[in-house]
Participant: 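So that we are looking at the same thing, I have put the structure below in structure tokens.
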There are 2 protein chains.
Amino acid sequence: MRMGRKSSESMNGANRSYLAQKLTKGGARLTAQRKMLVEIIQNSTGHLDAASLLRLAKRRDSRIHRATVYRTLELLKRLRLIDELDLMHLEGEKHFYEPRTRSEHFHLACFRCGKILEHNTPTFERLKKEISEQTGFKIEVIRLEAGGQCEECRAQADSSQSDASRAAR
Amino acid sequence: MRMGRKSSESMNGANRSYLAQKLTKGGARLTAQRKMLVEIIQNSTGHLDAASLLRLAKRRDSRIHRATVYRTLELLKRLRLIDELDLMHLEGEKHFYEPRTRSEHFHLACFRCGKILEHNTPTFERLKKEISEQTGFKIEVIRLEAGGQCEECRAQADSSQSDASRAAR
DNA sequence: CGTTAAATGCGAATGGGTCGCAAAAGCTCC
DNA sequence: GGAGCTTTTGCGACCCATTCGCATTTAACG
Ligand SMILES: [Mn+2]
Ligand SMILES: [Mn+2]
Ligand SMILES: [Zn+2]
Ligand SMILES: [Zn+2]
């Protein structure tokens, strides 16, 4: 009977109250799978899709099933613990997820290099406020995404553009 | 050999130059199918998904195939003649399409009654400008969507809320 | 018109996501 | 710390939107 605690577990202790609070509100049970999935999402840096999340989870406990991942994502969305992103369908039709613990931001997807930029400005906050005021609509989730060219790729495109026009002469 | 022209066809004459211009740029051919699909999209009021578009198209020429619809939508997206919407996945994973001829707006999807509101405010324009200025990102397509409760549904929810609290006492 | 590259129809194949059900695991209350 | 009830999981079959490869047709250019 190992009583040793890994750092992730002791850290879990701190998280548990927050999660327990959030998850148990509404009658959701705090299962091992859910704890694991939430922890992976929280600790992950980038934007996870369901398949990646499953892969990472299987590394800890190979018995976890795809359906559980999808069901948990659905639950976390409902509880507003994560946001779902499309990232302009840059990599097919799948969705990406990120914890709502980080400060709010939107996403810019570069069609050329595939990079995802995160950004925010007070004007976004203002826009949301205006929307509610002007339409009476109560915003529960909002998603702002743009596709185009990032600064670097634009510079590159411009220089090859001038190459092309030079060659055309 | 019927020489009569339906109004939709004569209207087509006006559109054709615009379409021909847009479609033939980049080497796209002006096929009967493409003309038909673009016309359906332009004349449609609501937000069409691929299946609805196919259904409407089949009504005019039953030989048109699903794959052609998808390929045409892809083309029109590339040419920036239409925008693709998710509408917060209110009706599953499918996408919706609308012509870019109408003035720009974003979409608010009511989770309760399923209504889609269209809205705009100058702050949105300003936000886009700021994004470009602050990040150097060149926006080619942008999508702003919110999900929540429309004014009517909110009023309804509030009144049933107070019913509930009254009942609870 | 004939030529040629591009587009279409077709049906099979993908891929992301969902479902129904039996077994397993949380919670609650004692 | 179990009994009993309810929720959740694993599982595989299934679904639905979209894509693909290929043979045939068609638009566009000369
Ligand atoms: Mn989507
Ligand atoms: Mn992000
Ligand atoms: Zn880039
Ligand atoms: Zn509503």
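We name chains A, B, ... by the order of the sequence lines, and we start the count at 1 in each one.
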Participant: Can a side-chain donor-acceptor contact be found between A:Thr121 and B:Glu130 if the only test is distance below 3.5 angstrom?
Facilitator: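 Note: B:Glu130 and A:Thr121 side chains meet the donor-acceptor criterion.
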Participant: B:Lys58 NZ to C:dC10 C1': how many Å, rounded?
Facilitator: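 Computing the B:Lys58:NZ to C:dC10:C1' distance gives 11 Å.
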Participant: Within less than 4.0 Å of OP1 or OP2 of D:dT18, is there a side-chain N or O belonging to B:Tyr70?
Facilitator: yes
Participant: Between A:His95 and C:dG17, is there a contact of a side-chain N or O with OP1 or OP2 at under 4.0 Å?
Facilitator: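 Yes, such a contact exists.
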Participant: Ignoring the backbone of B:Arg71, work out which of D:dA17, C:dT8, C:dG17 is nearest its side chain.
Facilitator: C:dT8
Participant: Find the distance A:Leu76:CG to D:dT8:P and express it as a whole number of Å.
Facilitator: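 Those two atoms, CG and P, are 12 Å apart.
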Participant: Is B:Arg66 near enough to C:dG9 that one of its side-chain N or O atoms lies under 4.0 angstrom from OP1 or OP2?
Facilitator: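 Answer is no, no contact under 4.0 Å.
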Participant: Can you work out whether B:Ile64 or B:Arg29 has the more 5'-proximal nearest nucleotide on DNA chain C?
Facilitator: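 The residue mapped nearer the 5' terminus is B:Arg29.
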Participant: Let me know the distance between NE2 of B:His89 and P of D:dC15, rounded to the nearest Å.
Facilitator: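 One finds 22 Å between P of D:dC15 and NE2 of B:His89, rounded.
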Participant: Could you tell me how far apart A:Leu54 (CG) and D:dG10 (C1') are, to the nearest whole angstrom?
Facilitator: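 One finds 12 Å between C1' of D:dG10 and CG of A:Leu54, rounded.
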Participant: To the nearest Å, give me how far apart CD (A:Glu74) and C1' (C:dG17) are.
Facilitator: 10 Å
Participant: Indicate, with yes or no, if A:Leu108 and A:Phe111 share a hydrophobic cluster defined by side-chain heavy-atom contacts under 4.5 Å among Ile, Leu, Val, Met, Phe, Trp and Tyr.
Facilitator: no
Participant: Indicate whether OP1 or OP2 belonging to D:dT26 is found under 4.0 Å from a side-chain N or O atom of B:Gln33.
Facilitator: no
Participant: Calculate the interatomic distance between B:Arg63 atom CZ and D:dT25 atom P; express it in whole Å.
Facilitator: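 These atoms are roughly 12 Å apart.
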Participant: Checking contacts here: which listed nucleotide (C:dC10, C:dG17, D:dT9) is nearest the side-chain heavy atoms of A:Ala50?
Facilitator: C:dG17
Participant: Just do the ring pair (Phe, Tyr, Trp, His ring centres under 6.0 Å) check on A:His107 and A:His119 with the steps written out, would you?
Facilitator: CA-CA 6 Å; A:His107 297 90; A:His119 188 65; over 10 Å; no
Participant: Please figure out whether B:Asp49 or A:Asp61 has its closest DNA chain D nucleotide nearer the 5' end.
Facilitator: A:Asp61
Participant: Output the rounded distance in Å from NE2 (B:His65) to P (C:dC10).
Facilitator: 6 Å
Participant: When you get a sec, tell me which of D:dC20, D:dT8, C:dC27 is the closest nucleotide to the side chain of B:Ala67?
Facilitator: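 Output: D:dC20.
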Participant: Answer yes or no: does a side-chain N or O of A:Thr24 lie under 4.0 Å from OP1 or OP2 of C:dC27?
Facilitator: no
Participant: Which nucleotide sits closest to the side chain of A:Arg34: D:dT8, C:dG17, D:dA17?
Facilitator: D:dT8
Participant: Rounded to the nearest Å, what distance is computed from the CZ atom of residue A:Arg78 to the C1' atom of nucleotide D:dT7?
Facilitator: 12 Å
Participant: Could you tell me the separation between the CG atom of A:Asp49 and the NZ atom of A:Lys94, rounded to the nearest 0.5 Å?
Facilitator: 4.5 Å
Participant: Any side-chain N or O of A:Thr68 less than 4.0 Å from the OP1 or OP2 oxygen of D:dG10?
Facilitator: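 A:Thr68 to D:dG10 OP1/OP2: side-chain N or O found under 4.0 Å.
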Participant: Under a 4.5 Å cut-off applied to non-hydrogen side-chain atoms, are A:Leu53 and A:Tyr97 in contact?
Facilitator: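 Answer no - side chains too far apart.
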